[in-house]
Amino acid sequence: MAAINFKTLNDDDVNEFFNSFDTVLTDCDGVLWIDMRPMKNATQVISTFLELGKRVFYVTNNSTKSREEFVEKCKTLNFEATKDNILCTANLSACYLQDLGFNKKVYIIGSKAIAKELTEVGISHTGVGPDSIIENVPYRAFKKDPEVGAVIVGFDEHFNYPKMVKAASYLNDPNVHFIGTNTDERFPAANNVIIPGTGSLVRCIESCAERKAVIMGKPESYIADLLKKKYNVNPKRTLMIGDRHNTDILLGTRCGFKTLLVLTGVSKLHHITKWKRSKCPEEKEYIPDYYINTIGDLLPYLEKFKCKTITPST
Ligand SMILES: [Mg+2]
């Protein structure tokens with residue numbers, strides 16, 4: 001059984017580990033930063049990976065930012081990034097519909113970022129923003145837009161009953177595509193306040209539409225398919241770094257990536273102990289190959305490895 005404490009590796013094991021991958025997929029929230037606070041030494045770890053010639057992709061289930069907005073955030077926090085190494089669910093949803101040759105309109109429960117990514121690939125949309133309850137107008141009076149051929153559900157602070165009525169009505173037609181950006185149930189708790197995540201909204205629409213959504217984000221395999229197809233990524237030479245067992249680590253396990261869990265976000269050491277004892281096969285898939293307290297703790301190992309592998313030019 002895996003779940004090796006990274007800090008117990010000897011020098012040879014560490015070298016073997018860093019030599020075993022060419023591509024790094026890293027989750028963002030809870031790994032590289034929390035809100036606008038970068039984790040200690042995280043920027044140096046990413047820049048050292050890049051110096052060593054590793055390809056780095058930022059892989060996030062967050063649907064509230066477009067790729068451009070993620071690049072901006074990375075730059076503000078000193079992480080090197082371009083649109084091409086951001087995999088976010090607003091963009092993945094647009095790519096998915098584009099791959100299908102979709103040419104109708106999308107009803108969005110979600111953010112402006114989804115709208116922006118759809119516009120970029122020439123797909124029209126409706127639904128972003130508040131949708132108020134109009135007094136004395138019965139919900140039965142809602143008239144479907146015949147152009148709508150897909151419903152996307154992402155994170156939406158304006159989520160409410162009228163949006164549920166619309167989404168479920170569109171989805172009553174089995175030809176209408178149903179996309180969920182991700183299934184994260186909650187955001188990491190702060191001050192004991194529970195912030196429901198997109199997964200809660202997706203489950204709600206699935207329930208009233210009596211259908212299952214196609215999920216874009218981790219742990220579903222669309223991301224991995226895209227990485228293989230578009231970027232030629234070899235799963236066997238790929239490392240997935242994440243803080244969440246049922247998205248980051250599960251994606252890695254399912255796709256044959258090496259996995260490294262950091263303990264700065266959702267999943268903790270006591271969870272690993274629980275999964276190791278569990279008889280449930282899915283919980284076994286949550287067990288990472290390695291774990292380490294924070295991504296920044298990789299820095300001294302990476303520095304040492306860099307000295308050995310990159311000979312300074314004289
Ligand atoms: Mg995370």
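This chain uses plain numbering: 1 for the first residue, then up along the sequence. Note that ligands are numbered from 1 as they come in the structure, with each ligand's atoms numbered from 1 the same way.
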Residues Ser66 and Glu69: side-chain donor-acceptor under 3.5 angstrom = yes
Report the relative orientation of the aromatic rings in His271 and Trp275; use parallel for angles under 30°, tilted for 30 to 60°, perpendicular for over 60°.
-> parallel
Donor-acceptor pair, side chain of Thr259 and main chain of Asp289, under 3.5 angstrom = yes
Looking at Asp243, pick out the N, O or S atom nearest to the Mg ion (ligand 1) and give its name.
-> OD1
In this structure, which one of His125, Glu147, Lys144, Lys166 forms a side-chain contact (heavy atoms from CB on, under 4.5 Å) with Tyr107?
-> Lys166
Does any N, O or S atom of Asp27, backbone or side chain, fall under 2.8 Å from the Mg ion (ligand 1)?
-> yes
Using only N, O or S atoms, tell me which atom of Asp29 is closest to the Mg ion (ligand 1).
-> O
